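Okay, so here's the structure we're looking at.
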Amino acid sequence: MHNQDQKLIFEVSTPGRVGYSLPEMDVPEADVAALLPEGYLREEEPLLPEVSELDIMRHYTSLSRRNHGVDSGFYPLGSCTMKYNPKINENVARYNGFAHIHPLQDESSVQGALELLYDLQQHLKEITGMDEVTLQPAAGAHGEWTGLMMIRAYHEANGDLKRTKVIVPDSAHGTNPASATVAGLETVTVKSNEDGLVDLEDLRRVVGEDTAALMLTNPNTLGLFEENIVEIAEIVHEAGGKVYYDGANLNAVLSKARPGDMGFDVVHLNLHKTFTGPHGGGGPGSGPVGVKADLIPFLPRPVIAKRGDEYVLDYDRPQSIGRVKPYYGNFGINVRAYTYIRSMGPDGLKAVTEYAVLNANYMMRRLAEYYDLPFDRHCKHEFVLSGRRQKKLGVRTLDIAKRLLDFGFHPPTIYFPLNVEECIMIEPTETESKETLDSFIDIMIQIAKEAEENPEIVQEAPHTTVVGRLDETTAARKPVLRYQNA
Ligand SMILES: *Cc1c(COP(=O)(O)O)cnc(C)c1O
């Protein structure tokens with residue numbers, strides 16, 4: 001299947017070859033040097049591959065065949081919600097009226113686009129139980145930061161300047177403490193108890209007059225529902241803090257429960273996860289943020305509002321934290337999410353949650369015989385296993401993940417959350433058939449048996465991929481080793 005000698009695009013490059021043909025210029029050439037400030041002009045030509053259109057099409061088609069995506073195979077990446085991206089979303093996002101409008105067009109000429117965004121806000125308010133929503137943030141982490149900046153602005157507006165701490169559980173997604181830091185706040189950790197839930201005693205210990213907010217995912221990153229959530233919210237509210245819901249993965253509560261009803265003041269959603277936007281590879285995403293009434297004045301501006309029959313961009317928001325993204329956020333992803341919500345309807349969204357949770361529990365129970373189950377209780381949309389039994393046999397969780405590649409599966413999330421040894425975090429999503437779930441389970445069982453009988457085959461995996469094990473640190477730090485100075 002694979003062409004073993006995949007070349008780099010720079011190796012295909014031939015001096016002078018071009019992938020375009022433009023007509024002769026019939027206007028005077030611009031004097032670029034006169035247009036750009038001194039110091040911004042290149043001294044040398046950039047190093048770009050010189051290829052024909054056919055070369056480049058073949059190059060990317062060949063690369064895409066080596067890639068693993070939701071459209072090519074099962075992708076049970078816990079906490080990432082790699083669910084199927086319905087193709088109707090793509091059709092709608094490509095309508096000329098959406099795809100070809102210019103972000104600087106006058107409001108009166110983009111009423112349809114604004115109506116869609118406004119309606120999407122209404123749906124997200126209904127889904128989250130919040131009073132207002134902004135669609136500006138471009139990703140989950142960006143939404144977290146936006147929400148925390150609003151909380152900060154709220155405390156500052158109340159003259160409550162000592163509230164500088166954000167409490168996060170030890171199982172939190174890494175973006176939570178990172179966003180707190182970027183928002184100029186400090187992170188304090190609250191411990192999980194032996195059931196994998198927030199330890200209330202520890203929460204009472206860390207909460208106080210300096211608490212700006214508690215950030216929580218519910219169900220948490222272990223896939224477990226924080227059943228004391230109402231009490232948790234009360235503890236934080238009594239201390240004067242706000243409660244932030246990391247709603248990146250809404251698959252376990254969508255249309256069943258609402259963060260707004262659980263006591264949360266702010267929530268961000270990942271439209272590129274729960275609401276079927278394609279993601280991975282860095283974007284584009286959409287991380288809308290919903291807030292309760294007392295935080296509305298601080299929303300990023302402009303706010304998309306409706307005046308009579310007209311949709312407008314409201315800039316008159318004196319307490320706003322300002323703009324967090326140019327134009328309208330990642331409009332195309334918002335169109336896809338809107339299409340998804342409208343095509344599913346309330347019953348469809350309820351079914352999403354039911355199947356997501358059923359699929360996860362089915363897999364968890366079948367795999368629990370072969371892998372350690374650190375928290376033996378019903379899970380929500382995802383669950384964690386521990387590879388510590390296999391580790392005693394000399395097979396690490398990393399080896400298991402690599403072995404899965406031999407069978408065409410994208411591995412689950414591993415070594416996260418950090419509070420579980422040799423963690424394997426599986427999120428099947430609702431869109432996979434029982435046959436797919438079973439074939440993955442069967443391979444996981446086979447790998448558990450290999451770890452006992454023939455550990456080398458797991459330790460040395462993958463065997464069937466184009467490249468074997470990568471030096472992942474170097475690959476991340478120096479993505480291009482050769483041709484840097486060609
Ligand atoms: C994915 C995720 C995020 C971050 O979202 P990005 O869009 O990648 O920035 C935050 N929290 C949780 C729980 C997530 O799963």
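Just so you know, ligand 1 is whichever comes first in the structure, and atom 1 is the first atom listed for that ligand. Computed from a prediction, not measured in an experiment: that's the story for all the values here. Heavy atoms only: backbone and side chains are in, while hydrogens, waters and symmetry mates are out.
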Among all protein non-hydrogen atoms, which one is nearest to atom 9 (O) of ligand 1, and what is the separation to 0.1 Å?
Ala141 N, 2.8 Å
Could you list the atoms of ligand 1 found under 4.0 angstrom from a heavy atom of Ala139?
7 (O), 9 (O)
Where ligand 1 meets Glu144 - atom numbers and elements under 4.0 angstrom, heavy-atom basis:
10 (C), 11 (N)
Can you tell me how the ring of Phe275 sits relative to the ring of Tyr340, calling it parallel under 30°, perpendicular over 60° and tilted otherwise?
perpendicular
Can you check whether Gly140 has an N/O within less than 3.5 Å of an N/O in ligand 1?
yes
Check Ala248 against ligand 1 and report side chain, backbone, both or neither, counting heavy atoms closer than 4.0 Å.
side chain
Is Asn176 close to ligand 1, meaning an N/O of one under 3.5 Å from an N/O of the other?
no
Is it the case that atom OH in Tyr415 sees more than 12 heavy atoms from other parts of the structure closer than 6.0 Å?
yes
So which protein heavy atom does atom 5 (O) of ligand 1 come closest to, and at what separation?
Asn270 ND2, 3.0 Å
Just how far is it from atom CG of Leu385 to atom CE of Met444, taken to the nearest 0.5 Å?
6.0 Å
If we only count N/O pairs under 3.5 Å, is Asp246 in contact with ligand 1?
yes
Side-chain donor-acceptor pair under 3.5 Å between Gln6 and Ser62, yes or no?
yes
Hey, is Lys273 one of the residues with a heavy atom under 4.0 angstrom from ligand 1?
yes
His272 heavy atom under 4.0 Å from ligand 1
yes
Residue part near ligand 1, for Thr221, under 4.0 Å between non-hydrogen atoms
neither
Given the options Ile229, Val266, Leu250, Tyr245 meets side chain to side chain contact (heavy atoms under 4.5 Å, CB included) only with Leu250
Heavy atoms of other groups near Glu209 CD, more than 12 under 6.0 Å
no
Hey, does Glu227 have a side-chain heavy atom less than 4.5 Å from the side chain of Asn218?
no
Report yes if Thr217 has an N/O atom closer than 3.5 Å to an N/O atom of ligand 1; otherwise report no.
no
Within 45 degrees of the ring normal and closer than 6.0 Å to the centroid, is that where the cationic atom of Lys242 sits relative to Tyr154?
yes
